[in-house]
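Please read all numbers here as calculations on a predicted model, not as lab measurements. Chain identifiers are assigned alphabetically (A, B, ...) following the order of the sequence lines, protein sequences preceding nucleic acid strands; residue numbering begins at 1 within each chain.
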Amino acid sequence: MPTPARRGTVTLVLGGARSGKSRFAEGLATATGLDLVYVATAQAFDDEMRERIARHRADRAGEGWRTVEAPLALAGVVAAESAPETALLVDCLTLWLTNVMLADLDVEREVDGLLAAIGAAQGPVVLVSNEVGYGIVPENALARAFRDHQGRLNQRVAAIADRVTLVAAGLPLDLKLPKEPTS
Amino acid sequence: MPTPARRGTVTLVLGGARSGKSRFAEGLATATGLDLVYVATAQAFDDEMRERIARHRADRAGEGWRTVEAPLALAGVVAAESAPETALLVDCLTLWLTNVMLADLDVEREVDGLLAAIGAAQGPVVLVSNEVGYGIVPENALARAFRDHQGRLNQRVAAIADRVTLVAAGLPLDLKLPKEPTS
Amino acid sequence: MPTPARRGTVTLVLGGARSGKSRFAEGLATATGLDLVYVATAQAFDDEMRERIARHRADRAGEGWRTVEAPLALAGVVAAESAPETALLVDCLTLWLTNVMLADLDVEREVDGLLAAIGAAQGPVVLVSNEVGYGIVPENALARAFRDHQGRLNQRVAAIADRVTLVAAGLPLDLKLPKEPTS
């Protein structure tokens with residue numbers, strides 16, 4: 001990897017389901033004025049998912065996004081697509097984590113790789129992730145494990161992010177802000 | 001509908017279950033000093049619900065509220081009861097949405113109607129709604145659909161609201177504030 | 001109980017599962033510079049729990065904490081351990097409430113006793129609790145009752161606390177701050 005022209009600003013956008021977090025994250029990426037790459041982690045397992053994915057794509061239609069699929073190889077896609085004149089939007093870490101767990105990969109190792117790729121990004125990276133730990137403890141052991149992994153993943157990404165914003169009902173609430181103005 | 005004496009201030013109060021959101025919303029309505037109308041959307045399907053409704057009514061007892069039931073016809077009740085000297089408290093949108101879905105009505109159309117009625121309100125309207133999207137994805141398809149509708153409804157009401165406040169452990173956190181002082 | 005040298009500062013740290021709330025609360029207690037007592041409410045019912053408890057203890061290892069178990073008799077332990085030169089960390093109210101409900105004790109009476117003990121504490125007390133009401137209504141009646149009790153418990157502790165902080169992705173968001181500087 002060549003010497004980065006500038007290190008990328010990392011933004012984590014957190015929120016619940018249908019909180020408007022993806023829309024807010026898209027706005028952040030678009031506001032950079034850079035080339036836009038949408039890194040899609042969704043994988044369609046059934047008609048409901050296929051419909052959601054299609055709806056999301058339709059929402060972005062004509063807005064100048066190039067879409068790259070990364071249901072599993074997210075670190076590699078971030079490394080390959082990151083560039084000084086490109087804003088990456090990763091939507092979302094929750095579906096990626098689901099895919100990693102369903103594929104029975106080593107979650108900690110995959111997360112380590114992702115964090116390294118984000119840390120080495122040459123342009124801005126906006127990552128969308130769900131808050132999933134604010135309900136009753138799930139009865140299902142896999143759901144509990146997922147909830148734990150998601151919480152730890154969010155903490156780890158938040159720790160290296162320049163900005164962390166929680167979105168509720170479409171409205172942003174900053175949890176962490178950059179010390180100085182960044183792109 | 002006659003020319004409104006003044007347009008109503010719209011406040012959305014969001015929170016989890018037992019977060020103190022209804023109590024906070026009641027305080028906002030009471031603080032207007034206007035006549036108080038409590039628009040109740042709850043419908044009792046079983047003893048647990050009947051008990052909750054009775055407890056809520058007891059909490060309001062003797063505090064000067066007139067109660068109007070609106071399990072389904074919420075837009076109509078908001079239009080009919082809204083008046084310059086009346087503060088409306090709608091408690092809550094989550095139960096109303098549940099009723100709309102159980103009655104197999106067209107959710108988008110019902111929400112469109114509600115938003116029009118809120119936008120045309122002649123006095124202040126305070127609406128209470130739940131955040132329900134911060135847990136693990138529900139296994140049940142109806143629960144997933146409900147979660148999606150609730151999230152979108154909250155976003156749409158928040159977009160037209162003058163003030164949006166999240167309540168946690170009885171404590172308010174403003175997500176959106178009016179530009180200028182309002183009633 | 002002798003006249004307290006000074007009344008204890010009460011801090012409530014709220015958050016979802018794996019939100020980093022315990023780690024944040026530990027930091028608050030450690031920052032007092034006082035003797036540290038960790039009041040553990042966890043009870044191991046199975047291997048998953050035993051593993052979690054062991055992991056938490058390992059996290060605190062060598063950091064100077066004395067651990068006292070209080071799965072049920074929390075009020076008594078707070079009263080017995082509270083001292084002007086000791087910071088108490090209660091981790092967490094959610095597990096304690098679970099234990100109280102599983103033991104079929106009177107929740108309201110137990111909470112009354114806990115609040116009295118916290119109010120009479122002679123040194124700082126930091127309490128960790130979960131937000132569990134931001135998901136879909138649980139189908140299970142016991143889970144619904146738990147959710148209601150947890151929400152009310154959080155509201156009651158928040159009402160007497162000097163500081164209430166919500167932690168998300170390891171980042172604090174203050175919901176209530178002391179009027180004047182406190183220990």
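Remark: A/D47 engages A/R50 in a salt bridge, criterion side-chain N to carboxylate O under 4.0 Å. Between A/E139 and A/R144, no side-chain nitrogen of the basic residue sits less than 4.0 Å from a carboxylate oxygen of the acidic one, so the salt-bridge criterion is not met. Ionic pairing of C/R66 and C/E81 is present here: one or more N-O contacts between side-chain nitrogen and carboxylate oxygen are shorter than 4.0 angstrom. Salt bridge status for C/R23 with C/D91: absent, with no side-chain N to carboxylate O gap under 4.0 Å.
Listed options A/L175, A/L14, A/N154, A/L153 were ranked by heavy-atom pairs under 4.5 angstrom with chain C; first place goes to A/L175. Considering only heavy-atom pairs separated by less than 4.5 Å from chain C, the leading option among A/R152, A/Q155, A/H149 is A/Q155. Among the candidates C/A143, C/S19, C/P138, C/G170, the residue making the largest number of heavy-atom pairs closer than 4.5 Å to chain A is C/S19.
Considering C/V37, C/V77, C/L88 as possible partners of C/S82, the one that fulfils the side chain to side chain contact (heavy atoms under 4.5 Å, CB included) test is C/L88.
Both the backbone and the side chain of A/I136 come within contact range of chain C, each with at least one heavy atom under 4.5 Å from a heavy atom of that chain. With a 4.5 Å cut-off on non-hydrogen atoms, C/V137 does not touch chain A at all. Proximity to chain A (any heavy atom under 4.5 Å) is shown, for C/Q150, by neither the backbone nor the side chain. Looking at A/L173, only its side chain comes within 4.5 Å of chain C, counting heavy atoms on both sides.
Between C/L12 and C/S129, the closest side-chain pair of non-hydrogen atoms falls below 4.5 Å.
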